[in-house]
Protein chains: 2
Amino acid sequence: MNYEEAKDKFISTWGSLGSLWGINKAMAQIQALLFISTKPLTTEEIMDTLKISRGNTSMNVRQLIDWGIVTKTLVAGERKEFYTTEKDVQELARIIAKERSRREIRPVIKTLREVSTMEDDGTAKTKELIKQTKALHELAETADSMLHKIINQKQNWLTKSVLKLFS
Amino acid sequence: MNYEEAKDKFISTWGSLGSLWGINKAMAQIQALLFISTKPLTTEEIMDTLKISRGNTSMNVRQLIDWGIVTKTLVAGERKEFYTTEKDVQELARIIAKERSRREIRPVIKTLREVSTMEDDGTAKTKELIKQTKALHELAETADSMLHKIINQKQNWLTKSVLKLFS
DNA sequence: TTAAACTTTCAATAATTATTGAAAGTTTAA
DNA sequence: TTAAACTTTCAATAATTATTGAAAGTTTAA
């Protein structure tokens, strides 16, 4: 496997993984490209490498900036805008997890709380609805706060020290 | 909020959450419906409640069975097939996490390993590709095994005992 | 200012994914 | 066996989501 093959393989795999962290393919691929680039890239370079249109590139880069994953960089003597991505995987994971929680998990938790605290009219089906949504609510709250605790740890959890806690 | 409103709200929220655990809307809604039902349901009842076609119901129920989340139940004296879902949230979470890992995370980890162990040709860009994919590989491995450890704990992690470890 | 060099917007369209429903298939009771 | 009562399959279609590219907008250098 030479450089080009490996690069394409990484970018396309990362792109299809987009769904796993809740973003579209182009957005994930742009991030992947910047992640392995040795220098900041322009819109033009991104378009050419990924074979996507100018508009598509512009919109997705902006979204990545919005997520806090990509930053505009100024290159001396150049008029064009250059983009770079967060290169530290831990920081990247932290940002993704936080955004995912904020955008998708929190709203669901809110609904679960609303439904599970509805007035009990005494019927079996209402009791079941309350019971089950309450259980989901607790699970979601616990999982979400666990996620936050894990990613907010400044110590390097990649070193597997955290893992030992579960052995 | 009465029973019907609460039920609809729960089903539609859970349905739109489908993307978060990697399944489609109908599949998530069928699971939600069964999850709050006080008795096993038939294809007919699912179709009518969710207003989806017979074919759609059949295919998605089968997929849920495939995931190990829904089971066929026989009701004495009835010819029709009845369906029930796993009612314990912890067990449900365990199944979903395991399937998600197997279907999506493992394949990505495999690619990351392949790319990160490519031959180093000495160029800066190859070195960067190897370095970054190696970091992602380690992160993905750690996160995946942490997930497995957490969900495999038989003790009730919902009680927040696990959470204390991170405080 | 102006005009060249850029970026952004957004309606049109393409691509993808989900859904339908009728036909085919299967199971069960008699 | 047969036929009624079911479930499954799958080509056609609908719905959703992503992408394009030209026009509009913005910035910068002179």
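Proteins get letters first, then strands, A, B, ... in listed order; numbering begins at 1 in each.
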Exercise for the section: Using a strict 4.0 Å threshold on nitrogen-to-oxygen distance, state whether B:Asp144 and B:Arg106 make a salt bridge. Expected result: yes

Problem - Atom-to-atom span, CG of B:Asn24 to P of C:dA18 - whole angstrom - result: 5 Å

Practice task
Give none if C:dT16 has no partner; otherwise give the nucleotide forming a Watson-Crick or G-U wobble pair with it, both distances under 3.5 Å.
Solution key: D:dA15

Handout entry: Euclidean distance, atom CE of residue B:Met27 to atom C1' of C:dT19 [Å, nearest integer]
Key = 16 Å

Exercise for the section: Just say parallel, tilted or perpendicular for the rings of B:Phe10 and B:Phe35, cut-offs at 30° and 60°. Expected result: tilted

Problem - Interatomic distance where NZ belongs to A:Lys80 and P belongs to C:dA4 [whole Å] - result: 17 Å

Problem - Rounded distance (Å) that lies between atom C1' of D:dT7 and atom CG of B:Asp66 - result: 16 Å

Completion exercise
Any strand, both distances under 3.5 Å, Watson-Crick or G-U wobble: D:dA22 pairs with C:dT9

Problem - Residues A:Lys39 and A:Glu45 bridged, charged N to O under 4.0 Å - result: yes

Handout entry: Atom CD1 of A:Ile65: over 12 foreign heavy atoms under 6.0 Å
Key = yes

Exercise for the section: Determine, for A:Glu128 against A:Lys125, whether the closest basic-nitrogen to carboxylate-oxygen distance falls under 4.0 angstrom. Expected result: no

Exercise for the section: Output the single nucleotide from D:dT8, C:dA4, D:dA5 whose closest atom is nearest the side chain of B:Lys72. Expected result: D:dT8

Practice task
Check DNA chain D against residues 42-56 of chain A and give the residues with a non-hydrogen atom under 4.0 Å, in numerical order.
Solution key: A:Lys51, A:Ile52, A:Ser53, A:Gly55, A:Asn56

Handout entry: Spacing of A:Asn60 atom CG relative to D:dG21 atom P, expressed in whole Å
Key = 16 Å

Practice task
Could you state the atom-to-atom distance from CD1 of B:Ile65 to C1' of D:dT8 in whole Å?
Solution key: 12 Å

Problem - Watson-Crick/G-U partner (both atom distances under 3.5 Å) of C:dT1 - result: D:dA30

Handout entry: Closest to side chain of B:Met59, choosing from C:dT8, D:dT19, D:dT9
Key = D:dT9

Handout entry: Heavy-atom side-chain contact between B:Leu41 and B:Phe82 under 4.5 Å
Key = no

Fill in the blank from the handout: Looking only at D:dT19, C:dT8, C:dA18, the nucleotide nearest the A:Ser58 side chain is C:dT8

Completion exercise
Closest to the 5' end of DNA chain C, once A:Phe82 and A:Lys25 are matched to their nearest nucleotides, is A:Phe82

Problem - Separation of D:dT27 P from A:Glu78 CD (nearest whole Å) - result: 19 Å

Problem - Proximal nucleotide (of C:dA18, C:dT28, D:dT19) relative to the A:Ala26 side chain - result: D:dT19

Problem - Rounded distance in Å - CD (A:Gln63) to C1' (D:dT17) - result: 12 Å

Exercise for the section: Considering only NZ, NE, NH1 and NH2 on the basic side and carboxylate oxygens on the acidic side, decide whether A:Glu4 and A:Lys9 come within less than 4.0 Å. Expected result: no

